[in-house]
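Just so it is clear, the structure is predicted and the values come from calculations on it, not from any experiment.
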Amino acid sequence: MNDKKVAWLLRTAIIIVGLFGLTVCAFWWPFSISLSTIGVDSSLSSLTEAQTAEFWSQFAFYMAVSLPCFAILVIAWLVTNRIHNGQFFALSTAKLINIAALILYIDLGVFLIGNLVFMFLDWNVFAIIYYFLAAIGFAVAICMSIIAYFVKRSAELKEETEGIV
């Protein structure tokens, strides 16, 4: 497998993840929040001001914590450009991956704190699903940090080797 094929496969994965993220933002967040706020057997005409405020505050929060995930996808796309050009093992690539991991760590921390607040306010019925998603996110962030470390080490070894030759 060559660099161009790897870049193409990663870009395909980025597009699929991006489409899934847009689906979550467009359908899952409003659906899950409305189930938590309104319930299954209530009608929209009987909403109180508190329920409306609860819905919109949760919706704004989940949209706000979704935006950094799309920024991470943009950074991932930039990394695939470096792979495509044969420049993956560079310190700048490691820095990009570290930035993406840092954004993800911060975003997941905010996501967990927000979900804890919603859970204590008894606003969130799907808290266990969101904690599971956060655990997957932390695993991905840890893997990104490890990849950044190895890319950095490879870049340093590449520079040493080029210096010797």
Side-chain angles (χ1 to χ4, degrees), residues 1-33 57-120 123-165:
M1 192 177 308
N2 60 14
D3 291 346
K4 292 182 189 329
K5 187 170 183 176
V6 170
W8 182 82
L9 289 172
L10 287 173
R11 288 176 180 166
T12 303
I14 290 167
I15 290 170
I16 290 169
V17 170
L19 290 174
F20 179 75
L22 288 174
T23 303
V24 167
C25 290
F27 298 107
W28 176 251
W29 293 142
F31 173 73
S32 67
I33 296 168
S57 61
Q58 284 188 71
F59 186 73
F61 171 75
Y62 288 124
M63 287 298 157
V65 295
S66 296
L67 287 177
C69 296
F70 291 108
I72 291 168
L73 290 177
V74 170
I75 293 171
W77 193 272
L78 295 174
V79 170
T80 62
N81 287 341
R82 298 191 65 76
I83 293 171
H84 186 269
N85 296 332
Q87 302 169 341
F88 181 66
F89 295 110
L91 293 176
S92 58
T93 305
K95 186 180 270 189
L96 274 175
I97 297 170
N98 269 331
I99 290 170
L102 180 65
I103 291 170
L104 189 55
Y105 283 127
I106 293 169
D107 189 45
L108 286 168
V110 171
F111 183 74
L112 281 174
I113 291 169
N115 277 307
L116 279 173
V117 169
F118 291 152
M119 188 178 74
F120 287 126
W123 285 7
N124 193 348
V125 181
F126 298 98
I128 192 72
I129 294 171
Y130 299 153
Y131 293 131
F132 181 70
L133 287 175
I136 292 171
F138 275 115
V140 168
I142 290 168
C143 289
M144 289 168 62
S145 296
I146 293 169
I147 290 170
Y149 170 76
F150 283 120
V151 168
K152 181 181 176 186
R153 292 288 297 144
S154 297
E156 290 169 352
L157 289 172
K158 181 180 172 185
E159 286 178 8
E160 286 178 20
T161 307
E162 288 175 354
I164 293 173
V165 174

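Residues Phe126 and Asn115 have side chains not in contact (no heavy-atom distance under 4.5 Å, counting atoms from C-beta outward). Considering only heavy atoms from C-beta on, Tyr149 stays 4.5 Å or farther from Ile97 through its side chain.
Between the CD1 atom of Ile14 and the CZ atom of Phe70 there is a distance of 13.0 Å, given to the nearest 0.5 Å. In this structure, Lys4 NZ and Leu9 CG are separated by 14.0 Å, a value rounded to the nearest 0.5 Å. Considering CD1 of Ile103 and CE of Met144, their distance stands at 8.0 Å, rounded to 0.5 Å. Within the model, atoms CG of Leu102 and NZ of Lys95 stand 12.5 Å from one another, a figure rounded to the nearest 0.5 Å. Rounded to the nearest 0.5 Å, atoms CD1 (Ile83) and CG (Leu10) are 5.0 Å apart. Rounded to the nearest 0.5 angstrom, Leu96 CG and Phe88 CZ are separated by 10.5 Å.
More than 12 heavy atoms of other residues, nucleotides or ligands sit less than 6.0 Å from atom CD1 of Ile136. Residue Phe150 qualifies as open at atom CZ: its count of foreign heavy atoms under 6.0 Å is 12 or below. At most 12 heavy atoms of other shown residues, nucleotides or ligands fall within 6.0 angstrom of atom CH2 in Trp8.
Taking every heavy atom of both residues into account, Ala148 and Asn98 meet most closely at CB-OD1, 3.4 Å. Listed here is the closest heavy atom pair of Ala7 and Thr80: CB-O, 3.6 Å. Of all the heavy atoms in Pro68 and Ala64, the pair that sits closest is CD-O, 3.1 Å. Nearest heavy-atom pair across Glu156 and Leu91 is CG-CD2, 4.3 Å. Residues Leu73 and Gly18 approach most closely at CD1-CA, 3.5 Å, considering heavy atoms. In terms of heavy-atom proximity, Phe61 sits nearest to Gly114 at CZ-CA, 3.5 Å.
Aromatic ring centres of Tyr130 and Phe118 lie farther apart than the 6.0 Å criterion allows.
Ser32 and Tyr62 share no donor-acceptor pair across their side chains, judged by distance under 3.5 Å alone. Judged by distance alone, the side chains of Ser57 and Trp123 never bring a donor and an acceptor atom under 3.5 Å apart.
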task: Take Phe31 and Val24 through the side-chain contact (heavy atoms from CB on, under 4.5 Å) test and state the conclusion after the steps.
output: CA-CA 10 Å; Phe31 173 73; Val24 167; over 6 Å; no
- request: Check step by step if side-chain contact (heavy atoms from CB on, under 4.5 Å) holds for Arg11 and Asn81.
  value: CA-CA 9 Å; Arg11 288 176 180 166; Asn81 287 341; 2.4 Å; yes
- request: Evaluate the criterion side-chain contact (heavy atoms from CB on, under 4.5 Å) for residue pair Tyr131 and Leu112; output intermediate values, then yes/no.
  value: CA-CA 7 Å; Tyr131 293 131; Leu112 281 174; 3.4 Å; yes
